[in-house]
Amino acid sequence: MKYQRPKGTADILPDEAVAWNYIESTAKKLFDNYRFHEIRTPIFENFEVFSRSAGDTSDIVTKEMYDFHDKGDRHITLRPEGTAGVVRAFVENKLYGPEHIKPVKLYYTGPMFRYERPQSGRLREFHQIGVEAFGSESPNLDVEVISMGMHLLKKLGIHNLKLVINTLGDQATRKAYRSALIAYLEPHFDELSEDSKVRLHKNPLRVLDSKDKDDQKLVADAPSILDYLTPESASHFETVKNLLETLQIDYQVDASMVRGLDYYNHTIFEIMANDKALGKGDVTVCAGGRYNGLVEELGGPETPGIGFGLGVERLLLLMQAQKAPLPTISPLDVYVVGIGDETKSETLKIVETIRNNGFSTDQDYLDRKPKSQFKTADRLNAKIVITLGNDELAQKVVNLKVMATGDEQQVKLEDVYDNFPKLFGKFLKK
RNA sequence: GCGGUAGUGGCGAAGUGGUUAACGCACCGGUUUGUGGAUCCGGCACGCGUGGGUUCGAUUCCCACCUACCGCCCCA
């Protein structure tokens, strides 16, 4: 095998593409009910769009960006996530203008890129479905976005869903909490894992997220951000929780949950699914939160925002593991068997006529024997097989066989041409 | 980026330093000179991830690389 796809990429073959289409169309229908509209932004952006939004110290920016300099020496990055580009487009196209109804609600789907070591459900080119809503601080919006994510996953047949939420508060909250956390961790500096030692200075909140067992013990007694919320932040979070209860959406608060991207504040959430088939522990399929301040960061007016991203590959893995229903390629309506070279032009006319009547139709292209053609018709799950040989051609008739029952009848060729739908209906009713 | 496991036909899977690389499934063909889902028969890797090396000889030994999978990091 000479050529291989680049590391961490995947070919989505026809059988699987059907599932992808199903997921995307299901999402689009649901999002439309919530009045979120599609936006398509470039797959690459200027490096600064991401470095500015995600945070210079975030792992995404420091080690996972797929970036390069183009022939004009522009520093380009293949988008590692969807929000930054959408925010950039929101600002650049002035969607904050008064003529746009607020909140401006958008969704996107498409490939994202991160330069990291591939594993199952983790690729260098992967796909996300994401939503963003700009221009409202209402906790109602937080809850609607969360609810929409939950609904989508449920609609796609995922069960054992777990919603985990937390709040990062506002600027003042984070500042206060940051110093409190550092004050708590610094005396234990030597006990921290190597990774956490680095994180302590760069981004202390990330220490909370450490998988290291000793770190976790330390972190267990660390101050909670929930005790440092400003009154406004606390009240926002309270309202979000109350509204979730109003909608009877179960949730857990995890005060140590953080975000890999710096732009988040206030409500953050993750929707996880637990499935033994996917190994131990919970898998996060959908994650998001508020990012008031990001629009300003990218040069727009002060505009609050909130959104989520959902990993399509992970979702598919989950759906397969949980045996969620997935569509398959639709069965064939009609297969046309031609016997002998002389029938070639007639079978071509027949398949084209039937197709133009809205039925899926196929025929043999390999000059195979009738038996083989029937075998193929059977494999393709054809409902009806039309057979045409020299005799039929001379008599201007055709044999029509219903595969499920084996019934075969001769019908006039002109009936096929004049009114195929009627013919099809007549034979399939039996 | 680090550590580990693996890589044989479309798929699954045996195998050995040395004649024609098992077997199963799938596929193709025949048994039925124009009719499917059954049986039986036959066909199907000039090649064992790629490139080097050792050797009289390598799919089998060594090295490098590539890729996949698992763990770490991180995350969707």
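Per chain, numbering begins at 1; letters A, B, ... match sequence-line order.
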For nucleotides 37-42 of chain B, tabulate all protein N/O to nucleotide N/O atom pairs closer than 3.5 Å, reporting atom names and distance.
| from | atom 1 | to | atom 2 | distance (Å) |
| --- | --- | --- | --- | --- |
| B:G37 | O4' | A:Asp378 | OD2 | 3.1 |

I'd like a list of close polar pairs between nucleotides 2-9 of chain B and the protein, N/O only, cut-off under 3.5 Å.
| from | atom 1 | to | atom 2 | distance (Å) |
| --- | --- | --- | --- | --- |
| B:C2 | N4 | A:Arg117 | NH1 | 2.8 |
| B:G3 | O6 | A:Arg117 | NH2 | 3.2 |

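Between B:A76, B:C69, B:G34, one nucleotide has an atom nearer to the side chain of A:Thr387 than all others, and that is B:G34. Minimum atom distance to the side chain of A:Ile339 is reached by B:G34, of the listed B:G34, B:G30, B:U67.
Looking at heavy-atom distances under 4.0 Å, A:Gly338 makes no contact with the nucleic acid at all.
Residue pairs meeting the ring-ring contact (aromatic ring centres under 6.0 Å, His included) criterion with at least one partner in residues 397-422 of chain A, sequence neighbours excluded, are A:Phe359-A:Phe420, A:Phe420-A:Phe424.
A:Gln373 has no side-chain polar atom (N or O) that falls below the 4.0 Å cut-off from OP1 or OP2 of B:G36. Residue A:Arg368 has a polar side-chain atom (N or O) positioned under 4.0 Å from OP1 or OP2 of B:G29. The side chain of A:Arg379 contributes an N or O atom lying less than 4.0 Å from OP1 or OP2 of B:C27. The shortest distance between the side-chain N/O atoms of A:Ser372 and the OP1/OP2 oxygens of B:G29 is below 4.0 Å.
Ion pairing of A:Arg5 with A:Asp11 is present here, as a side-chain N (NZ or NE/NH1/NH2) and a carboxylate O approach within less than 4.0 Å. In this structure, A:Lys349 does not pair ionically with A:Glu352, as no charged nitrogen and carboxylate oxygen lie closer than 4.0 Å.
Applying the 3.5 Å distance criterion, the base of B:A76 shares no donor-acceptor pair with the side chain of A:Glu270.
Counting only Watson-Crick and G-U wobble pairs whose two distances sit under 3.5 Å, RNA chain B takes part in these stems of three or more pairs: B:1-7 with B:66-72, B:10-12 with B:23-25, B:27-30 with B:40-43, B:49-53 with B:61-65.
Residues passing the side-chain contact (heavy atoms from CB on, under 4.5 Å) test with A:Asp190: none are found, sequence neighbours excluded. Remark: A:Asp364 pairs with A:Tyr335, A:Leu366, A:Arg368, A:Gln373 by the side-chain contact (heavy atoms from CB on, under 4.5 Å) rule, at least two apart or across chains.
Under the 6.0 Å distance and 45° angle rule, A:Arg124 counts as a cation-pi partner of A:Tyr115.
A distance of about 44 Å separates the P atoms of B:A76 and B:G15, rounded to the whole Å.
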